[in-house]
Amino acid sequence: MLDIQFIRDNPELVAEKSRQKGYVVNIEKLLEVDKNRIKVGQEVEKLNQQRNQLSDQLKQGKPTDEQIAEGKELRERQQSLSQTLSGIEDEYLKLLKTVPNLPEDDVPVGASEDENVEVKVWGDKPSFDFAPKSHWEIGEARDWIDKERAAKVTGSRFAYLKGELVQLQFALIQFTMNSLGDETLIAKLISDNNLNLKPTAFVPILPPVMIREDMYDQMDRLEPREDRYHIDGDDDNLWLIGSAEHTLGSMYAGEILDEKQLPLRYLGYSTSFRQEAGTYGKDTEGILRMHQFDKLEMEVFSTPETSREEHLLLVAIQEYLMQQLGIPYHILMKCTADIGKPNARGVDLEAWLPGQDKYRETHTADYMTDYQSRRLKTRVRKDEGTQLIHTNDATAFAMGRTMIAIIENYQTADGKVRVPGVLQPYLGGRKQI
RNA sequence: GGAGAGGUGCAAGAGUGGUUGAAUUGGACGGUCUCGAAAACCGUUGUGCCAGCAAUGGUACCGAGGGUUCGAAUCCCUCCCUCUCCGCCA
């Protein structure tokens with residue numbers, strides 16, 4: 001949610017930036033409701049004051065009938081006006097929630113993902129003296145991926161992953177946790193990128209994969225809910241998470257953190273669930289787009305002053321990880337239409353997939369500023385007072401897509417897959433699977 | 001699933017209708033003392049909103065939402081959560 005004071009002060013700017021992101025917001029209406037909300041709120045407060053004054057007078061002796069009648073009347077007026085106020089507040093909140101976070105100035109303006117801007121290309125695309133295969137061809141040939149039986153048991157967009165592919169996933173997890181848990185490495189990435197941040201290591205987390213509806217909404221990740229899975233229970237109102245971000249980012253809701261604790265850097269590992277609404281017929285081959293996939297996700301809580309650099313650090317970490325695997329990639333600055341509603345800035349990393357002869361998204365880094373924490377009420381206590389904290393989230397590795405990239409880039413003529421050097425220690429030293 | 005207990009400030013914990021935004025203790029911070037520290041003593045120590053240049057004033061908040069009452073942290077209802085015992089179970 002955006003700061004109402006900022007919207008009051010900059011209505012045109014907010015309207016224009018929202019438009020750039022593709023959101024239709026009625027700022028005029030919002031400000032009108034806001035004004036009314038303040039006015040009625042003041043009237044309610046006035047009545048409360050009168051009630052308090054009266055009960056102050058009455059607390060000694062026994063009240064007279066007139067005084068009781070007066071108190072009753074005040075109460076009734078207060079109740080009816082409060083009801084009016086809560087109606088206004090509901091409308092206010094509903095309108096305010098429609099306003100997206102504002103893109104930073106360096107976010108390219110664009111109407112669709114086609115206008116994302118390539119800002120960096122890394123690595124040499126591998127050349128093969130044979131026609132490179134897609135990951136699904138290799139995966140099925142090696143009996144690593146079984147989608148037919150998954151379809152029978154669970155439906156489309158599910159898969160059984162088997163054999164060496166599973167071992168590869170666990171190797172990847174080990175490698176990433178060891179890397180991001182290394183304070184020396186974090187310090188190096190910070191200094192290599194000329195950042196001014198603390199070298200705090202990432203703490204691994206296994207978060208819940210279900211989330212309460214109110215928390216989901218406060219993270220601004222519930223919508224579009226057609227893409228979410230709802231859990232039908234007796235009296236609970238739970239949803240499956242679409243990313244570890246959802247239960248990581250909300251974990252300090254309602255809390256005031258000490259500035260000295262920050263930044264808090266977490267590496268969450270969880271399964272993610274997505275209905276993939278509106279993607280019928282898209283990416284039906286292989287395991288690129290599944291209803292269920294595992295992901296290592298970074299989440300950082302920081303002060304407002306350091307959050308932008310934390311965002312840059314997360315992108316640097318993503319690049320580092322991909323470089324360690326030796327997978328060619330390019331970096332895209334996402335345009336205004338493609339960064340999410342809570343984003344102020346977003347960067348995608350797309351890996352080169354020789355089997356499909358194109359780049360595909362494997363990583364994303366989201367810079368949220370205080371947009372999420374305003375509703376979550378996660379704050380930091382400083383000498384000058386309290387402030388909303390800033391959140392950042394970014395993919396460390398989406399397991400499925402990363403393995404796709406490994407399979408396709410490291411395939412050999414005889415249908416095997418070479419193991420990137422950094423992962424070999426976690427696969428019993430095997431150089432090829 | 002059955003039976004019970006409970007959710008109060010940074011923490012522990014008192015408070016069962018008005019004098020409580022909240023006792024007490026601890027922690028943290030500031031000060032006195034000291035070469036310095038400890039101890040002791042003194043003081044400070046919640047958040048949001050509204051008005052105001054500010055000082056400040058007003059208002060709300062004792063898990064959440066409703067209700068009773070002139071008046072609710074205190075009484076009633078619903079929900080959420082935590083804990084204990086039993087049962088079941090990875």
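What you see below is based on every heavy atom in this structure, not just the backbone, and it leaves out hydrogens, waters and symmetry mates. Lettering follows sequence order; numbering is per chain, from 1.
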By the Watson-Crick or G-U definition, both distances under 3.5 Å, A37(B) is matched with none
### Message
Could you tell me how far C10(B) sits from C49(B) if I compare only their C1' atoms? Round to whole Å.
### Response
23 Å
Contacts of T386(A) and Q50(A) projected onto RNA chain B by closest heavy atom; the upstream (5') one is T386(A)
By nearest-heavy-atom nucleotide on RNA chain B, the more 5' of Q83(A) and R379(A) is R379(A)
So, is N52(A) close to the G58(B) phosphate, meaning a side-chain N or O under 4.0 Å from OP1 or OP2?
no
Between NZ of K39(A) and C1' of U59(B) the distance, given in whole Å, is 18 Å
For this session: Using the C1' atoms only, state how far U74(B) lies from G17(B), rounded to an integer number of Å.
Result: 6 Å
Rounded to whole Å, CZ of R51(A) lies from P of G18(B) at a distance of 17 Å
Using modelled atom types only, decide if a donor and an acceptor are shared between the side chain of R375(A) and the backbone of M215(A) within a distance under 3.5 Å.
no
Using Watson-Crick geometry (N1-N3 plus N6-O4 or O6-N4) or G-U wobble (N1-O2, O6-N3), each under 3.5 Å, C70(B) is paired with G18(B)
**Message:** Any salt bridge linking E350(A) with R360(A)? Criterion: basic side-chain nitrogen under 4.0 Å from a carboxylate oxygen.
**Reply:** no
(Q) If I pick the C1' atom on C86(B) and the same atom on G65(B), what distance separates them, to the nearest angstrom? (A) 33 Å
*Assign the ring pair Y216(A) / H246(A) to parallel, tilted or perpendicular, where the plane angle (0 to 90°) is split at 30° and 60°.*
tilted
Report task. In whole angstrom, give me the gap between the P atoms of C81(B) and C89(B). Result -> 24 Å
It should be established whether R75(A) places a side-chain nitrogen or oxygen under 4.0 Å from OP1 or OP2 of nucleotide G71(B). yes
(message) For A72(B) and S55(A) - does any side-chain N or O of the residue sit under 4.0 Å from the phosphate oxygens OP1/OP2?
(response) no
Legend entry - Span that lies between the C1' atom of C61(B) and that of A3(B), in whole angstrom: 34 Å
note: Q5(A), atom CD; C50(B), atom P; distance rounded to Å ~ 8 Å
Rounded to whole Å, CG of L58(A) lies from P of A72(B) at a distance of 12 Å
Less than 4.0 Å between a side-chain N and a carboxylate O, is that true for K295(A) and E297(A)? yes
- request: Please determine if D348(A) and K334(A) form a salt bridge, counting it only when a charged side-chain N lies under 4.0 Å from a carboxylate O.
  value: yes
The Watson-Crick or G-U wobble partner of U59(B), with both key distances under 3.5 Å, is G48(B)
Rounded to whole Å, the CD-P distance (Q53(A) to U19(B)) equals 15 Å
> In terms of the angle between their ring planes, are Y367(A) and H311(A) parallel, tilted or perpendicular, with boundaries placed at 30° and 60°?
Replying inline: parallel
Original post:
Quantified in whole Å, what is the C1' atom distance between nucleotide C85(B) and nucleotide G9(B)?
Top reply: 32 Å
Establish, with yes or no, whether the OP1 or OP2 oxygen of U69(B) is under 4.0 angstrom from a side-chain nitrogen or oxygen of Q79(A). no
Q.
Suppose you measure atom C1' in A55(B) against the same atom in U32(B); what distance do you get, rounded to whole Å?
A. 29 Å
When rounded to whole Å, the CZ to P distance for the pair R212(A) and G63(B) reads 16 Å
With the side chain defined as heavy atoms from C-beta on, L54(A) is closest, among C70(B), U47(B), U59(B), to C70(B)
Atom CD of E45(A) and atom P of G52(B) are separated, to the nearest Å, by 13 Å
For a quick check, tell me whether the side chain of Q49(A) and the base of G58(B) share a donor-acceptor pair closer than 3.5 Å. no
Rounded to whole Å, the CG-C1' distance (L47(A) to C70(B)) equals 15 Å
When you compare A12(B) with U56(B), how far apart are their C1' atoms, in angstrom units rounded to a whole number? 34 Å
Regarding the side chain of I38(A), the nearest nucleotide among C10(B), A51(B), U59(B) is A51(B)
May I ask you to decide whether D105(A) forms a salt bridge with K17(A), counting only side-chain N to carboxylate O separations under 4.0 Å? yes
Please determine if a side-chain N or O atom of R37(A) lies less than 4.0 Å away from the OP1 or OP2 oxygen of C49(B). no
